[in-house]
Amino acid sequence: MNYNPQKIELKWQRYWEKNKFYQAKDGQGKKQYILIEFPYPSGEGLHVGHCRPYIALDAVARKKRMEGYNVLFPIGWDAFGLPAENYAIKTGIHPQVATEKNIANYKRQVKSLGLSFDWSREINTTDPKYYKWTQWIFLKLFEKGLAYQAKIPINWCPSCKIGLANEEVVSGACERCGAIIGKKTLKQWMLKITAYADRLIDDLKKVNYPDRVKAQQIEWIGKSYGAEIVFKVVGSPGKIKVFTTRTDTLFGATAIVLAPEHPLVEGLITAKNREKVEKYIVEAKKKSDFEREKIEKEKTGVFTGSYCFNPANNEKVPIWIGDYAIATYGGGAIMVVPAHDYRDYDFAKKYGLKIKEVVSGGDISKEAFVNYGRLVNSGQFTGLKSKEAIEKITKWLEVNGFGRKTVQYKLRDWVFSRQHYWGEPIPLVFCENCAVKIKNQKSKIKNNEFNEGELLNPGWIAVPEKNLPVELPFVEKYQPTGTGQSPLAVISDWVNTKCPKCGGDAKRETDTMPNWAGSNWYYIRYCDPENDKELASPKKIRYWLPVDWYNGGMEHTTLHLLYSRFIYKFLFDIKIVSQPEPYQRRTSHGIVLAEDGRKMSKSFGNVINPDDIVQKYGADTLRIYEMFMGPFDQAIVWNTQGVKGVYRFLEKVWKLCSKISGAAKACPDVLRALHKLNKKIDNDLEATKFNTIISAFMEFANLCHEHKAEVDKKTIEKTLILLSPFAPHLTEELWRKLGHSKSIFFTKWPKYDPKLIKEEITTLVIQINGKVRDKIEVDAGISETKAKKLALSREKVKNWILDKEIKKIIFIPKKLINFVV
RNA sequence: GCCGCGGUGCUGGAAUUGGUUUACAGGAGCGACUUAAAAUCGCUUGGGAAUUUUCCCAUGUGGGUUCGAGUCCCACCCGCGGCACCA
């Protein structure tokens with residue numbers, strides 16, 4: 001029989017599923033929790049790029065099982081979010097219906113690859129039994145005062161008619177539709193992720209993530225150390241607080257710039273300047289972030305007419321307004337030190353501000369000098385080095401009440417509400433009665449009558465836990481209202497409810513949660529997916545978590561990965577989970593590009609559907625090709641031609657293993673190669689070097705092919721076991737053909753014998769002055785003296801040395817001998 | 001501008017971490033089988049000179065360290081990803 005994947009793959013997939021091969025057992029033995037990012041089931045189905053991480057981690061999971069681990073390798077569906085809703089708007093098909101259909105298709109595709117997921121733990125974020133707990137987590141955040149409502153200008157996508165988080169805005173445009181983002185001021189629920197900023201940085205030390213992931217998260221959080229300095233306004237009690245990391249340049253501050261949105265602006269505008277300033281502010285507010293960015297280099301500003309005192313030397317410095325000061329960072333106020341900051345230099349040049357050198361080392365007549373140096377023109381601090389000056393000036397400010405040491409973060413709190421239908425309802429109601437009570441009678445409120453969140457957000461009352469989930473009502477119309485309200489707002493019998501605190505009339509929150517809400521914690525739910533009493537039982541959480549190996553895309557580094565770490569830390573604080581970090585190890589896969597080198601996309605018509613490859617070559621070929629195509633963490637171009645090569649390899653394995661030579665013992669070369677292969681798989685799988693594993697297999701198959709007559713049954717069996725995590729169907733089939741009644745996946749993972757790997761004979765390279773001139777076959781254990789003698793006896797070597805004097809000999813056992821002449 | 005990653009044949013890439021550069025595949029060429037094609041199986045395939053023996057040059061560019069550099073150091077060029085008026 002020839003290799004025919006169509007005849008064997010479905011058979012074994014059904015067999016494995018029927019016999020529940022891959023179901024993890026709670027609390028039994030040493031565990032491995034292996035996780036892939038659960039897919040968003042879109043209407044387009046899987047493409048070969050999605051499969052790459054699933055296939056890779058499937059191989060890992062399969063190997064770990066054979067090594068005796070109790071492996072949890074689960075899958076589920078992240079199904080809330082915009083695409084389903086946009087699709088519903090277009091077609092009138094309810095997101096629920098479309099989602100179910102998409103899931104069915106995804107499931108069929110995933111199953112056709114022979115992946116060893118534990119389907120008994122399948123979850124779906126849009127299932128009320130699941131999102132009950134997504135809502136529960138929100139309630140806990142709310143109770144602890146980590147959720148608050150704020151009226152803020154948010155990123156507004158005019159096309160999707162939705163507010164977006166900073167993370168969803170990609171260079172000024174909507175991550176989903178590409179429209180230019182504007183600003184809209186709306187009341188939004190915010191999560192205090194900033195309260196966890198330090199821990200999110202510090203705890204990266206505890207986990208094994210790629211450096212680039214750590215670096216990106218740290219940069220995103222953007223912690224900087226500096227000082228807050230107080231500038232007193234001339235002729236008024238007003239005080240302006242600025243943030244700087246360069247306290248040493250304080251004497252060079254020749255102006256203050258406030259963001260147009262700064263709360264003190266109004267009081268600082270003098271009558272003479274009013275018209276100009278107001279016009280500027282109106283213009284600035286109109287600009288979107290994108291426009292601001294585009295004209296980034298061109299600084300603009302306007303003088304308010306007011307002055308303040310530089311605390312260092314009591315000089316009067318003008319107060320300006322300029323939109324290069326960012327409202328949401330450092331209090332939206334900066335001290336302008338033109339001599340030592342590029343931006344301030346531009347600004348000062350444009351508006352004729354004083355440029356005063358206070359750190360020596362550059363030529364400020366040409367450009368700003370931003371490096372550290374020695375202080376000049378800085379009163380008592382003149383002569384100090386920058387580093388020392390920063391400390392001393394900060395201390396001086398503190399002593400004299402002009403400022404204090406502080407830190408700033410780029411990270412902002414997380415905008416957690418969306419004005420859309422297809423998401424988890426936020427489990428809060430607004431009660432006018434309670435709002436009045438909290439606002440007016442704070443002192444009379446009994447202890448524990450309201451939780452922290454309710455006091456922080458007067459009128460917003462938590463839906464009691466026992467009433468969860470707040471189910472998403474069925475609607476006919478999904479269109480965003482465009483007014484900033486979600487489509488839920490028009491369903492009056494859902495919106496109108498009773499206040500759980502006072503029983504009075506109340507209205508439900510009609511915003512829903514962002515699509516990240518369900519994915520924040522899904523991997524916890526896998527530990528105990530059916531539990532309707534708790535998020536998951538503490539016992540199971542303790543057993544399974546943290547995740548041992550989590551693979552996902554780089555694009556989630558500052559999104560899902562950061563968010564879910566934050567949520568996990570919160571759950572740790574309220575003692576739901578027992579360690580501070582959710583993922584012990586993180587790896588990232590590179591994306592698979594289409595054959596034309598572009599991203600695979602329906603609009604380019606260049607998508608490769610795994611169905612086609614499975615149909616033509618079989619799942620095992622697809623699996624091995626995706627591992628072989630290139631380094632796992634690198635983007636790679638798909639090449640259907642290359643798929644053929646893998647198919648040929650599997651055919652070779654098939655032929656080799658379905659006919660046994662009858663040799664009683666493998667020849668030493670084959671045996672050694674087999675043990676080397678074993679070692680290589682062990683090492684390279686851990687290092688995610690899947691491509692070299694496959695090429696090692698190919699080399700081994702080629703070797704066996706050469707030594708056809710000397711390959712025994714034992715060798716073939718071991719080869720099949722080693723290959724089984726990568727090509728499960730083919731190996732299972734051949735395994736049975738060899739007469740085994742039990743599955744190959746019940747065998748133990750083989751251990752290589754280090755003694756057998758040792759080469760007895762090696763090629764010793766002979767170099768003259770570092771250049772290869774000859775090679776000899778020698779005993780691996782040959783001594784330097786012997787090697788030298790042997791090398792010098794060679795004709796070629798003699799010719800190269802001739803009458804020259806040997807100055808030095810370098811001998812590396814098993815590798816080379818080098819004569820320096 | 002800053003942070004991170006990378007640059008090796010015609011192509012995807014390998015190189016035990018300082019020790020035989022180009023493994024493994026794809027593609028191309030030649031040959032075998034075949035009426036023929038596909039498939040399959042052999043052989044060839046970095047460049048140049050010489051074709052029995054061989055020699056020189058090649059890992060983005062230019063320097064350096066070293067007996068020896070794709071690998072380490074310095075400077076530069078190019079590509080990719082992220083951040084970006086963050087004070």
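What you are looking at is a predicted structure, and each value in this text was computed from that prediction instead of being measured. Every chain is numbered from 1 and lettered A, B, ... according to where its sequence line falls, protein lines coming before strand lines.
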Inset, instruction - With heavy atoms under 4.0 Å as the rule, sort A:T328 into base, sugar-phosphate or nothing. - result: nothing
Inset, instruction - Would you kindly compare A:A215 and A:E651 by the position of their nearest RNA chain B nucleotide and give the one closer to the 5′ end? - result: A:A215
N/O-N/O pairs, protein side and nucleotides 67-75 of chain B side, under 3.5 Å:
{"from": "B:C67", "atom 1": "O2", "to": "A:N818", "atom 2": "ND2", "distance (Å)": "2.2"}

Legend entry - Test item: A:Y3 side-chain N/O and A:K652 main-chain N/O as donor-acceptor pair under 3.5 Å: no
Legend entry - Cationic N near anionic O, under 4.0 Å, A:D346 to A:K349: no
Dump every N/O contact between nucleotides 24-26 of chain B and the protein below 3.5 Å, one line per pair.
{"from": "B:A25", "atom 1": "OP1", "to": "A:N702", "atom 2": "ND2", "distance (Å)": "2.9"}
{"from": "B:G26", "atom 1": "OP1", "to": "A:R648", "atom 2": "NH1", "distance (Å)": "2.5"}

Identify all pairs in which a protein N or O lies below 3.5 Å from an N or O of nucleotides 63-65 of chain B, and state each distance.
none

Inset, instruction - Would you please classify the geometry between the A:W320 ring and the A:F347 ring as parallel, tilted or perpendicular, with 30° and 60° separating the classes? - result: perpendicular
Inset, instruction - Please work out which of the three classes, parallel, tilted or perpendicular, describes the rings of A:F697 and A:F726, given edges at 30° and 60°. - result: perpendicular
Legend entry - Protein-nucleotide distance (A:L816, atom CG; B:A15, atom P), rounded to Å: 20 Å
Inset, instruction - Mind checking A:V765 for me? I need base, sugar-phosphate or nothing, with any heavy atom below 4.0 Å counting as a touch. - result: base
Inset, instruction - Report which part of the nucleic acid A:W638 touches: base, sugar-phosphate, or nothing (heavy-atom distance under 4.0 Å, all strands). - result: nothing
Inset, instruction - Between B:A75 and B:C83, how far apart are the C1' atoms? Round to whole Å, please. - result: 26 Å
Legend entry - Whether A:H589 and A:F632 hold their rings parallel, tilted or perpendicular, with breakpoints at 30° and 60°: tilted
Legend entry - B:G68, syn or anti by chi within 90 degrees of zero: anti
Inset, instruction - Indicate, with yes or no, if the rings of A:W654 and A:Y647 have centres closer together than 6.0 Å. - result: no
Legend entry - OH-NE2 distance between A:Y345 and A:H340, expressed to the nearest 0.5 angstrom: 11.0 Å
Inset, instruction - Using a 4.0 Å cut-off on protein heavy atoms (strictly under), produce a 5'-to-3' string for nucleotides 42-50 of chain B with B for base contact, S for backbone-only sugar-phosphate contact, and - for none. - result: S--------
Inset, instruction - Measure the distance from OH on A:Y409 to P on B:C83 and round it to the nearest whole Å. - result: 21 Å
Legend entry - Gap in Å between the two C1' atoms, one belonging to B:A58 and one to B:C73, rounded: 23 Å
Inset, instruction - Specify the separation, in whole Å, of atom OH of A:Y225 and atom P of B:A87. - result: 13 Å
Inset, instruction - Quote, to the nearest angstrom, the P distance that separates B:U40 from B:G46. - result: 23 Å
Legend entry - Side-chain-base donor-acceptor pair under 3.5 Å for A:E219 and B:G82: yes
Inset, instruction - Could you tell me whether the phosphate oxygens of B:G19, OP1 or OP2, come under 4.0 Å of any side-chain nitrogen or oxygen in A:K775? - result: no
Inset, instruction - Mind checking the OG1-CD1 spacing from A:T621 to A:I613? Nearest 0.5 Å is all I need. - result: 9.5 Å
Inset, instruction - Using side-chain contact (heavy atoms from CB on, under 4.5 Å) as the criterion, list what pairs up with A:E219, not counting sequence neighbours. - result: none
Inset, instruction - Could you measure between the two C1' atoms, the one in B:A23 and the one in B:G13, and give it in whole Å? - result: 10 Å
Inset, instruction - Select one nucleotide: of B:U20, B:C85, B:U54, the one nearest the side-chain heavy atoms of A:I326. - result: B:C85
Inset, instruction - With the side chain counted from C-beta on, respond yes when A:E699 and A:L677 share a heavy-atom pair under 4.5 Å apart, and no when they do not. - result: no
Legend entry - Whole-Å distance separating the CD1 atom of A:I636 from the C1' atom of B:G6: 13 Å
Inset, instruction - Could you measure between the two C1' atoms, the one in B:G19 and the one in B:U71, and give it in whole Å? - result: 11 Å
Inset, instruction - Taking salt bridge (Lys or Arg N to Asp or Glu O under 4.0 Å) as the test, write out the residues that go with A:K350, two or more places apart. - result: A:E298
Legend entry - Heavy-atom donor-acceptor pair, A:Q408 side chain to A:G226 backbone, under 3.5 Å: no
Inset, instruction - Could I get the full list of salt bridge (Lys or Arg N to Asp or Glu O under 4.0 Å) partners for A:R586, not counting sequence neighbours? - result: A:E37
Legend entry - A:Y342 vs B:C85: side-chain N/O to OP1/OP2 distance below 4.0 Å: no
Legend entry - C1' atoms of B:G18 and B:C56, separation to the nearest Å: 24 Å
Legend entry - Residue-phosphate contact under 4.0 Å: A:R212 side-chain N/O, B:C83 OP1/OP2: no
Inset, instruction - Return no unless some side-chain N or O of A:W220 is found under 4.0 Å from OP1 or OP2 of B:C2. - result: no
Legend entry - Nearest-angstrom distance, C1' atom, B:A84 to B:C2: 8 Å
Inset, instruction - If a pair satisfies salt bridge (charged side-chain N to carboxylate O under 4.0 Å, His left out) and one of its residues is in residues 677-689 of chain A, list it, with sequence neighbours excluded. - result: A:K63-A:D682, A:K64-A:E686, A:R585-A:E686, A:K680-A:D684
Inset, instruction - Consider the side chain of A:N691, meaning its heavy atoms from C-beta on, and name the nucleotide among B:U20, B:G13, B:G82 that approaches it most closely. - result: B:G13
Legend entry - Dot-bracket summary - RNA chain B, pairs being Watson-Crick or G-U whose distances fall under 3.5 Å, with | when paired to another strand: (((((((..(((......[....)))((((((.......))))))((((....))))..(((((..]....))))))))))))....
Inset, instruction - Mind checking side-chain contact (heavy atoms from CB on, under 4.5 Å) for A:H675 and listing every partner two or more places apart, or none if nothing turns up? - result: A:L671, A:K718, A:Y752, A:D753, A:L756, A:I757
Legend entry - Any A:S224 side-chain N or O less than 4.0 Å from OP1/OP2 of B:A87: yes
Legend entry - Anti or syn - B:U11, cut at 90° from 0: anti
Inset, instruction - Say whether, by atom type as modelled, one donor and one acceptor occur between the side chain of A:R773 and the main chain of A:I766 under 3.5 angstrom. - result: no
Legend entry - B:G12 to B:A28 separation - C1' atoms, rounded to the nearest Å: 16 Å
Inset, instruction - Under the ring pair (Phe, Tyr, Trp, His ring centres under 6.0 Å) rule, collect the residues that match up with A:F243, sequence neighbours excluded. - result: none
Inset, instruction - Could I get the full list of side chain to side chain donor-acceptor pair (under 3.5 Å) partners for A:Y196, not counting sequence neighbours? - result: A:D573
Inset, instruction - Would you indicate whether the side-chain heavy atoms of A:D633 and A:P210 approach each other to under 4.5 Å? - result: no
Legend entry - Nucleotide nearest A:K655 (side chain, heavy atoms from C-beta), chosen from B:U40, B:U20, B:A87: B:U40
